[in-house]
Each structure stands twice: as C-alpha cells, then as structure tokens.
Amino acid sequence: MTIPAYKNPTLPVTERIEDLLLRMTLEEKAGQLNQWYNLGPDDYDQVRNGEIGSGLLANSSTAGNNRQERVFARGINEIQKIAVTESRLGIPLIFGRDVIHGYRTVAPIPLGMAAAWSPRLIRAVNTIAAKEARADGIHWGFSPMLDIARDPRWGRVAEGFGEDPFLAGKLAAAAVRGFQGNDQDAIPQQFPVDRIVACAKHFVGYGAAEGGRDYNSTEITPQTLHNIYLAPFKAAIESGCATVMSAFHDIGGIPLSAHRYLLAEVLKEQWRFGGFIVSDWGAVGELVNHGIAVDGGHAAQLACNAGVDVDMCTTMYLRNLPALVREGKVSEARLNDAVRRVLRIKFALGLFENPYADPNLSQTVHLLPESLATVRRLAADSMVLLKNSGVLPLRPDNLTLCLSGPLANQRQALFGCWTPDGLEEEVTTLKEAIKARLGSETWLHHCDLWDDAVKLARASDVLILALGESAGRSGEDNCTTTIDLPAGQEALVEAARRMEIPIVVVVFGGRPLNLTRVTDWADAVLFAWHPGITGGLGVVDVLFGDVNPSGRLPITFPRATGQIPLYYNHRPTGRPMPANDRRSSRYVDSLDTPLFPFGFGLSYTTFAYGNMRTSADSRIPEISVTIEVTNTGDRAGTTVAQCYLRDRVASVARPVRELKGFERVSLEAGETKTIVFKLGPKELSYLDDNGNEVLEPGRFQVWVGADSNAELGAEFEITPDGKWVGGD
Ligand code: NOJ
C-alpha cells in the first residue's frame with residue numbers, strides 16, 4: 001500500500017503540505033485553525049472529526065499542586081492518539097501552554113529577567129524552560145511577552161521586559177532562541193526535539209492600556225507604534241519566532257485581532273512573517289463586544305481576513321469559516337494560507353513522525369541542579385541595589401540578624417504571576433535561605449508579628465525587612481490605581497527607623513513601586529522582583545556579597561503614581577523640564593525627575609567611565625564610540641555600560657535619549673577595560689509613519705555610562721553630503 005505524500009517524510013515539506021491541503025475539506029481546514037482548552041474525554045469526538053487543531057493546557061486544568069495529576073504527557077498522548085489514528089487524515093495536534101518564566105524550575109518574572117540585561121542568561125533560562133515543558137509533551141509556549149509598558153499600574157508590566165524597545169528587542173531575540181533552539185535568523189525548518197515554539201505576544205500596543213487598566217483601549221500614534229511598540233516584535237520575528245499572538249485591545253477603535261494593517265500588512269507582508277498568528281483567548285469572539293462585529297460569524301470573517309490564523313478558544317472559526325468561504329466572504333486562498341502556516345509548524349516540530357511524548361522523560365529533565373543554579377544566578381543578577389549606605393554586604397561573623405516583614409517567609413511571592421508548573425513547596429523562602437547561609441539559627445531572629453520583631457530587633461545588629469507585593473498583585477487583570485506599597489508597609493519601615501539599628505529593605509514586586517520614603521528611611525534597599533524558585537537564595541547571594549549586585553532597572557521608578565507615564569525616552573517638548581524658570585514642563589507639588597532612572601543600579605564597588613571618543617570609519621557608514629570603564633573600588637564587580645543617542649534635529653522630534661547599545665562588563669578591583677559601541681544606519685535612523693527607516697543628516701549626541709542619566713557624552717555628525725564624521 002502506498003502512503004499518501006503528506007505522510008512521506010522523505011518528501012519536501014512544501015510538497016507534503018500541498019498534498020494534505022488538497023485532501024482536506026473546508027471543515028477540516030477550519031478545524032486546524034481551532035484551538036480548544038483542557039481537552040479531555042468530552043472532546044474526543046471533535047478530535048476524531050478533525051474539528052480541533054490545537055490544544056491549550058490552561059492553568060487550572062491538568063496542573064495543580066498534586067504532582068501525580070500533573071503528568072501531562074499521558075493525557076496529551078491519549079488525545080494525540082485519537083487525532084493521529086482515528087481522524088480521517090491523522091493530522092497531529094499541537095499543544096500550547098503559558099510557559100512564561102521558567103517551567104517547573106521557575107525563573108524570575110520577565111521584568112526581573114530584563115533587569116539582568118543579559119541576553120545570554122535569558123537564552124539559558126528559556127532553554128531550560130523549553131526542555132522541561134517539552135519533556136511534559138508541550139510543543140508551544142505563549143511567550144515572550146513583548147509589550148512595552150510605560151505604566152506600572154498595569155499588572156502585566158511584570159510579564160514584559162520593561163519600557164525600552166532596544167533592550168526588549170535584544171532580550172526578545174534571546175528568549176526566542178532559547179525556546180526554539182535556533183541560531184539562524186529564521187523559523188526553524190526542524191525544531192530540536194527538546195525545544196518548543198515561541199509566541200511573541202500581545203501584538204501590539206497592549207501595554208498602552210488607558211489608565212493602566214487591563215484590556216482597555218489605547219491611542220497610539222503611528223510614530224510611537226513603529227518606533228516603540230512594534231520594535232521588539234520585529235526583533236523577535238527577525239530572530240525566527242514562529243508564532244505571534246494578536247492582542248485583546250483596540251488602537252484607536254480597531255481591535256488588534258481584526259487589525260488588517262498591522263497583522264496582514266506590517267507583520268506578514270512588510271516583515272515577511274511566515275509563521276502563524278493565534279488570537280489571544282476569546283479575542284475573536286470579543287470583536288462583538290468591541291462593537292465592530294454583529295455576531296460570531298462576522299467576528300470570524302473580520303479576524304480571518306485581517307490575518308489571524310488560529311482562533312484561541314471561541315470556536316468562531318470552526319463554526320463559521322466553511323460557510324464564510326462558501327459565501328465568498330473569506331477567500332479560500334486566505335483559508336489555505338492560514339492552514340499552510342499551521343501545518344508548516346506541525347511539520348517543523350516533527351509531529352507527523354513523532355506525535356507522542358515520553359511520559360517518563362520529565363523525571364530526568366525537571367529541576368536539574370544545573371538548571372536551579374542557572375535560575376539562581378539570573379535571580380541574583382536581576383536584583384537591583386537601589387540604596388546602600390554601607391551596611392551591605394552583610395558580614396555574617398558575629399552578626400545577629402532580625403528578619404521580619406510580610407514576605408520574609410513567603411513562597412508564592414517569590415514565584416510571581418504565571419507559574420502554573422511551579423510547585424510552591426519547592427521554593428526556598430528568604431528566611432530558609434538566610435538560615436542556610438548562616439549555618440545555624442543562633443544568629444537569626446525571625447518573627448511575623450511586628451511587636452515581637454521590635455523586641456528582637458533591639459537585640460540584633462541589622463534588621464532585614466521583606467516587603468512588597470504578593471504574587472497575585474501583578475500579572476493579567478491585576479492592575480492598581482497606585483504604585484504605593486501595600487497598606488501598612490511604609491509604616492513598618494517608619495517604626496523600625498526609631499530603633500536606630502541599620503535597616504535593610506528587600507522589596508519583592510512585579511512593578512515599579514513608590515519607594516520614596518522607604519529609600520529615605522532605610523539604610524539599604526534591594527529590589528528583588530519576584531525572583532523565582534531560587535529567589536530566596538538569590539537574595540542571600542546578594543545580601544552577603546557572594547554575588548556583587550549588577551541588576552539595572554529596565555523601567556523607570558517614579559516618585560509618585562501621579563507622574564505616570566514617566567519614561568526616559570520621552571520627547572524634548574518646547575519647554576524642557578529641567579529648566580529652572582517658570583512655565584516649563586513640570587509639577588508644582590513634586591520633582592519631575594524619577595526616583596530612580598531607567599538603567600539605574602548600584603554595586604558593592606564603584607565604576608568610572610572615561611576617555612570617551614567617537615570616530616568614523618571612512619569605508620562604511622558607522623561611528624565607533626569608545627570608552628574606558630574602570631573598577632575604582634576594592635572588589636570585583638560588573639557594571640552594565642549603556643550607550644544612549646540623541647538625534648539633535650530631525651523632521652520629527654526625536655527622544656531626548658534612546659538606548660542603542662549595552663554591555664555587561666566584569667572588572668576586577670582596579671581593572672580597566674575598553675568598550676566599543678558601533679552605531680550604524682539602523683541605530684541612527686527612525687521609522688516614519690509607515691515603518692520605513694529614515695536617516696537624516698545632522699548632529700547626533702551620544703552618551704555612555706551607568707544609567708540613562710549618563711553625563712559623559714560626545715557628538716558626531718552626518719554631513720549634508722552624507723559623510724560620517726566623528727568627534728575627535
Ligand atoms: C490570555 C493572556 O492574555 C495570554 O497572555 C495567555 O497566553 C492566554 N490567555 C492563554 O492562557
């Protein structure tokens with residue numbers, strides 16, 4: 001018996017896809033574009049009929065804290081077997097899940113990951129997450145989230161890489177490569193068997209939700225859309241990201257899951273994205289709520305014609321696409337294009353040849369010691385030392401510590417949002433980590449009750465207060481009207497201050513918080529984000545100086561909620577704000593500056609930046625920015641050298657500064673290194689309202705230093721006749 005061409009692995013994939021398409025009915029095609037969640041026995045008939053193309057393992061389903069229930073692979077195999085052996089064409093299902101920051105080995109939240117400014121470590125932890133997830137039978141992870149966020153009230157700020165498109169773009173590429181295992185800048189033809197498909201989300205502009213309220217409408221100008229919000233997505237696509245998720249919200253009245261210009265024209269045509277677009281959960285059906293579709297059929301028509309290939313959990317595609325094609329409201333070519341995109345990924349995953357997962361694999365892949373060591377390192381490197389009067393690092397000998405505060409012994413708060421596969425009992429709390437580091441309990445007093453803590457603190461040398469947010473205070477649908485610390489926490493620091501012993505505040509959180517008073521009152525403040533399964537250990541690594549802190553803020557920390565939105569790469573205005581005279585862009589009741597600027601973070605040593613030069617290369621359009629960085633302190637440490645640019649005069653007002661390069665630089669005490677940043681046409685141009693690069697001659701300013709306020713600067717020029725001229 002001859003096998004059909006699409007089942008023949010020796011044939012080219014395109015041939016297999018075309019052969020399969022020819023055999024499919026309209027209903028089976030619509031089935032491939034239908035994703036449904038928590039598939040179980042009730043769904044077997046639909047799978048058998050070819051009505052489901054993809055499964056979504058939702059949070060609450062197979063997961064749970066009982067590990068026995070968590071054996072996804074068995075459940076997945078059972079359903080997969082029906083798809084492969086009992087459906088007419090035997091097309092395997094693709095299973096997706098929210099693998100957001102680690103899997104069983106929970107890594108810091110993405111905003112924390114970003115604070116390490118380390119593409120290398122992000123790739124490493126995403127590799128771990130991919131291996132763990134794939135060992136459980138999962139093929140596809142719904143991350144990275146690439147929503148630029150300038151509003152920390154928005155709970156999902158925790159899930160992204162912060163406010164800067166350049167940093168987010170570099171980290172996006174690393175995250176994608178970690179998941180997918182690809183070094184080449186293209187969607188893999190064949191995914192490694194131990195990796196998963198990445199999904200860049202939520203395309204696009206979701207972080208601009210008005211009022212910082214989730215799912216809310218946005219108003220984004222074409223300038224800001226192309227230069228800010230789209231930029232990290234472009235970086236992800238350029239590094240081979242195989243899927244994209246269209247967002248819930250609307251921009252100026254057009255919901256993203258029906259945004260033909262952005263999905264079809266920008267993403268698929270201009271950027272030549274060859275993977276598939278999945279809507280966010282229910283977003284196709286919600287086009288009715290948005291008021292642009294009369295019913296589910298109309299919604300399916302709008303979404304499909306706009307470019308959404310897969311409908312996440314509404315069945316609108318399944319129920320309506322065949323009729324829409326028959327009626328000519330959706331072309332068969334569009335339907336075929338969507339199906340081809342999905343099949344291409346299924347073939348690239350090797351699912352036609354190897355549809356099943358090995359149910360025993362997870363035991364040998366999950367929570368490996370080297371994985372735990374990697375996420376611990378990332379946790380420590382992500383922590384940002386905001387203040388230190390000298391009390392840190394702690395010197396454990398003969399030191400009596402008192403630990404208190406609501407998060408001192410919390411597990412879930414170390415996880416943060418989206419940890420469906422992390423098990424709380426596997427987390428080391430801060431208290432446990434300190435105890436382990438000290439080797440005995442003698443030197444540690446811990447108490448949850450503040451009255452007792454006061455007594456014990458009096459008998460201690462240093463008070464450590466663990467403050468901040470619970471895991472459930474950020475992430476999806478967890479927005480706040482204020483970025484102040486939760487009730488009572490500031491009062492705790494104020495009271496502690498009266499005891500006149502050094503206070504170290506460790507803050508866990510999923511967003512920038514208002515630490516104005518806490519920073520005044522405490523002797524040291526360490527911002528630890530939600531640092532993951534080894535987060536308690538990571539805090540201890542930093543507090544005791546085993547790791548010299550090198551985290552830098554990937555997002556501005558305002559002084560007050562009312563300053564929002566506050567971000568470093570704003571436009572200059574006609575009345576720039578640091579002017580001393582009246583009638584400048586400022587507040588009467590607060591300083592205009594942030595409490596901590598983008599890029600900020602301290603170390604236990606000090607660094608000096610000097611000898612800056614800019615030079616042009618006469619052969620190619622490129623400026624080299626050279627700088628020397630010296631460790632001027634007495635211990636080894638790592639700084640993050642950051643290169644900022646300003647285009648002095650352009651047809652459109654350009655930001656006062658934009659990050660264009662960064663490098664983690666590790667230096668021994670007294671050591672100096674020379675760093676070179678290269679700026680070419682890509683870095684010097686901006687995008688016009690259609691997304692085209694525009695490079696205008698004129699003067700540019702460049703700064704290199706330790707944060708976005710770096711003072712050491714130089715100038716260079718592109719002359720009207722196109723010559724690149726350095727400043728020296
Ligand atoms: C809705 C969220 O917005 C998205 O980020 C997530 O991936 C999907 N649900 C699937 O759970």
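Every number for a ligand or one of its atoms is a count from 1 in the order of the listing.
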Quiz item: To which protein heavy atom is atom 10 (C) of ligand 1 closest, and what is the distance rounded to 0.1 Å?
Solution: Asp98 OD2, 3.2 Å
Quiz item: If you measure from each heavy atom of Met245 to ligand 1, is any distance below 4.0 Å?
Solution: yes
Quiz item: Do any nitrogen or oxygen atoms of Glu159 come within less than 3.5 Å of a nitrogen or oxygen of ligand 1?
Solution: no
Quiz item: Taking Trp140 as the fixed residue, which of Phe179, Phe191, Phe276 is the one that meets the ring pair (Phe, Tyr, Trp, His ring centres under 6.0 Å) rule?
Solution: Phe276
Quiz item: Can you list the steps and then say if Met245 with Cys199 is a side-chain contact (heavy atoms from CB on, under 4.5 Å)?
Solution: CA-CA 6 Å; Met245 189 185 292; Cys199 182; 3.7 Å; yes
Quiz item: Would you say ligand 1 has an N or O under 3.5 Å from any N or O of Asp280?
Solution: yes
Quiz item: What do you reckon, does Lys201 have a nitrogen or oxygen under 3.5 Å from a nitrogen or oxygen of ligand 1?
Solution: yes
Practice problem: With heavy atoms of Phe142 as the reference, note each atom of ligand 1 found under 4.0 Å away. | Solution: 7 (O)
Quiz prompt | Region of Arg156 engaging ligand 1 - heavy atom pairs below 4.0 Å | solution = side chain
Exercise. Scan Glu238, Lys234, Arg341 and name whichever one has a side-chain contact (heavy atoms from CB on, under 4.5 Å) with Phe273.
Key: Arg341
Quiz item: Purely on distance, is any nitrogen or oxygen of Trp281 under 3.5 Å from one on ligand 1?
Solution: no
Practice problem: Would you please classify the geometry between the Phe527 ring and the Trp529 ring as parallel, tilted or perpendicular, with 30° and 60° separating the classes? | Solution: perpendicular
Quiz item: Any idea how Phe352 and Phe347 line up, ring-wise: parallel (<30°), tilted (30 to 60°), or perpendicular (>60°)?
Solution: parallel
Self-check item: Atoms in ligand 1 flagged as close to Glu476, the criterion being non-hydrogen separation under 4.0 Å
Solution: 1 (C), 2 (C), 3 (O)
Quiz item: Is the ring centre of Phe233 less than 6.0 Å from the ring centre of Trp271?
Solution: no
Quiz item: Just by distance, with hydrogens left out, do Asp250 and Ser217 show a side-chain donor and acceptor under 3.5 Å apart?
Solution: yes
Quiz prompt | Atom indices of ligand 1 within 4.0 angstrom of Phe248 heavy atoms, with elements | solution = 1 (C), 3 (O)
Quiz item: Can you tell which part of Met145 has a heavy atom less than 4.0 Å from ligand 1: side chain, backbone, both or neither?
Solution: neither
Quiz item: Taking NZ, NE, NH1 and NH2 as the nitrogens, is one of them in Asp337 or Arg340 under 4.0 Å from a carboxylate oxygen of the other?
Solution: no
